[in-house]
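Beneath this line is the structure, given in structure tokens, with notes to follow.
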2 protein chains.
Amino acid sequence: MSPKDQDARNGSQLYNRIAVLRAERGLSRQELADAVGVNYQTVGYLERGDYNPSLELAFRISEFFKLPVEVIFSREPFKPLSEEVYGHTNEALKKDR
Amino acid sequence: MSPKDQDARNGSQLYNRIAVLRAERGLSRQELADAVGVNYQTVGYLERGDYNPSLELAFRISEFFKLPVEVIFSREPFKPLSEEVYGHTNEALKKDR
DNA sequence: ACATAATATTGTACTAGTACAACAATTTGT
DNA sequence: ACAAATTGTTGTACTAGTACAATATTATGT
């Protein structure tokens, strides 16, 4: 199947933070792709959720970012990292969440 | 490709502890398979390393065992769980390892 | 020792993950 | 504003993961 039919394949889709992590580190897809040993378009497919990585690739990515697999991939949508990290520091803002 | 050619596909193989974890819980492959929603032969293929699970399946398995993905799957061979847990309690035995 | 359950083997078929190429669109630096 | 880099799109092709079925082998209970 061609990766163009992204939407035809839903029901077992995972979420990931590759795009954010990559952006944080100021890397291009090409650079990340090289680092984990895949084609740069594959990184694109992963970032926009066209399909899931193999477990092997997930491990390589997780190793590259030095983060546990479950921090990068999840069955539940991620809340923004920013919120997760700083969201609990200002008590005054908490009421409207 | 047919899963029979296990050995033709090496170089990106992962290790896992599915068999041990399943044994510890006294489950048959069929039962585990049902629990994580795959064919029971798929569990067999995974256990003897014929191929890796998808990341999605790895997550379901990890969820089922209530263990982090990296405790069940690894790029490095696992040392026996028994050793990992109890291997450091008897100092006298340590010299011959 | 026999029946049953569990695991292994072989074979076929389908789907998901990955690579690669060519070109379009968008972003970014100067 | 333009050139270069980055990202998106479409299309093709190959490999890895999964299902399923049928039969063989091995373990387990009584």
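A, B, ... follow the sequence lines: proteins, then strands. Residue 1 opens every chain. Quick caveat: nothing in here was measured; it's all calculated off a predicted structure.
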Starting at [atom1] of [X] and ending at [atom2] of [N], how long is that distance when rounded to a whole Å?
| X | N | atom1 | atom2 | result |
| --- | --- | --- | --- | --- |
| Leu55(B) | dG17(C) | CG | C1' | 12 Å |
| Leu14(B) | dG17(C) | CG | P | 15 Å |
| Glu31(A) | dA5(D) | CD | C1' | 11 Å |
| Tyr40(B) | dA21(D) | OH | P | 10 Å |
| Leu57(A) | dA16(C) | CG | P | 18 Å |
| Gln41(A) | dG17(C) | CD | C1' | 14 Å |
| Leu46(A) | dT18(C) | CG | P | 6 Å |
| Leu32(A) | dA5(D) | CG | P | 19 Å |

Would you check, one step at a time, whether the test side chain to side chain contact (heavy atoms under 4.5 Å, CB included) holds for Phe78(B) with Val71(B)?
CA-CA 9 Å; Phe78(B) 285 107; Val71(B) 170; over 6 Å; no

Using modelled atom types and a 3.5 Å cut-off, is there a donor and acceptor pairing between side-chain atoms of [X] and backbone atoms of [Y]?
| X | Y | value |
| --- | --- | --- |
| Asn16(A) | Leu46(A) | yes |
| Arg60(A) | Val36(A) | yes |
| Asn52(B) | Glu56(A) | no |
| Ser62(A) | Leu67(A) | yes |

Select one nucleotide: of [options], the one nearest the side-chain heavy atoms of [X].
| X | options | value |
| --- | --- | --- |
| Asn52(A) | dT18(D), dG17(C), dA8(C) | dG17(C) |
| Tyr45(B) | dC20(D), dA19(C), dG17(C) | dC20(D) |
| Thr42(A) | dA8(C), dA19(C), dA6(C) | dA19(C) |
| Val38(A) | dG11(C), dT18(C), dT7(D) | dT18(C) |
| Tyr51(A) | dG17(C), dT9(C), dT7(C) | dG17(C) |
| Pro53(A) | dA6(C), dT18(C), dT7(D) | dT18(C) |

Set out, in order, the CA-CA distance, both residues' side-chain angles and the distance that settles side chain to side chain contact (heavy atoms under 4.5 Å, CB included) for Phe73(A) and Ile61(A), then state yes or no.
CA-CA 10 Å; Phe73(A) 302 94; Ile61(A) 295 173; 4.1 Å; yes

Candidate pair Glu47(A) and Arg22(A), rule salt bridge (Lys or Arg N to Asp or Glu O under 4.0 Å), full reasoning:
CA-CA 10 Å; Glu47(A) 288 193 348; Arg22(A) 183 172 64 79; 2.6 Å; yes

Within residues 58-67 of chain B, find the residues that approach DNA chain C with a heavy atom at under 4.0 Å, and present them sorted by residue number.
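Those residues: none at all.
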
Start with the C-alpha distance between Arg25(A) and Glu31(A), add both sets of side-chain angles, then the distance that settles side chain to side chain contact (heavy atoms under 4.5 Å, CB included), and finish with yes or no.
CA-CA 11 Å; Arg25(A) 284 154 178 83; Glu31(A) 291 170 305; over 6 Å; no

Step by step, would you call Phe65(B) with Leu32(B) a side chain to side chain contact (heavy atoms under 4.5 Å, CB included)?
CA-CA 10 Å; Phe65(B) 286 122; Leu32(B) 174 55; 4.1 Å; yes

Can you check whether Asn39(B) has a side-chain N or O nearer than 4.0 Å to OP1 or OP2 of dC20(D)?
yes

Five-pair end axes of the helix from dA1(C)-dT30(D) to dT30(C)-dA1(D), angle between them (10°)
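One end's axis against the other's: 70°.
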
Transitive ILVMFWY side-chain link Leu21(A) to Tyr45(A), under 4.5 Å
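Yes; Tyr45(A) is reachable from Leu21(A) via cluster members.
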
Both Gly44(B) and Ser54(B) contact DNA chain C. Which one's nearest nucleotide lies toward the 5' end?
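Whichever sits nearer the 5' end wins; that is Gly44(B).
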
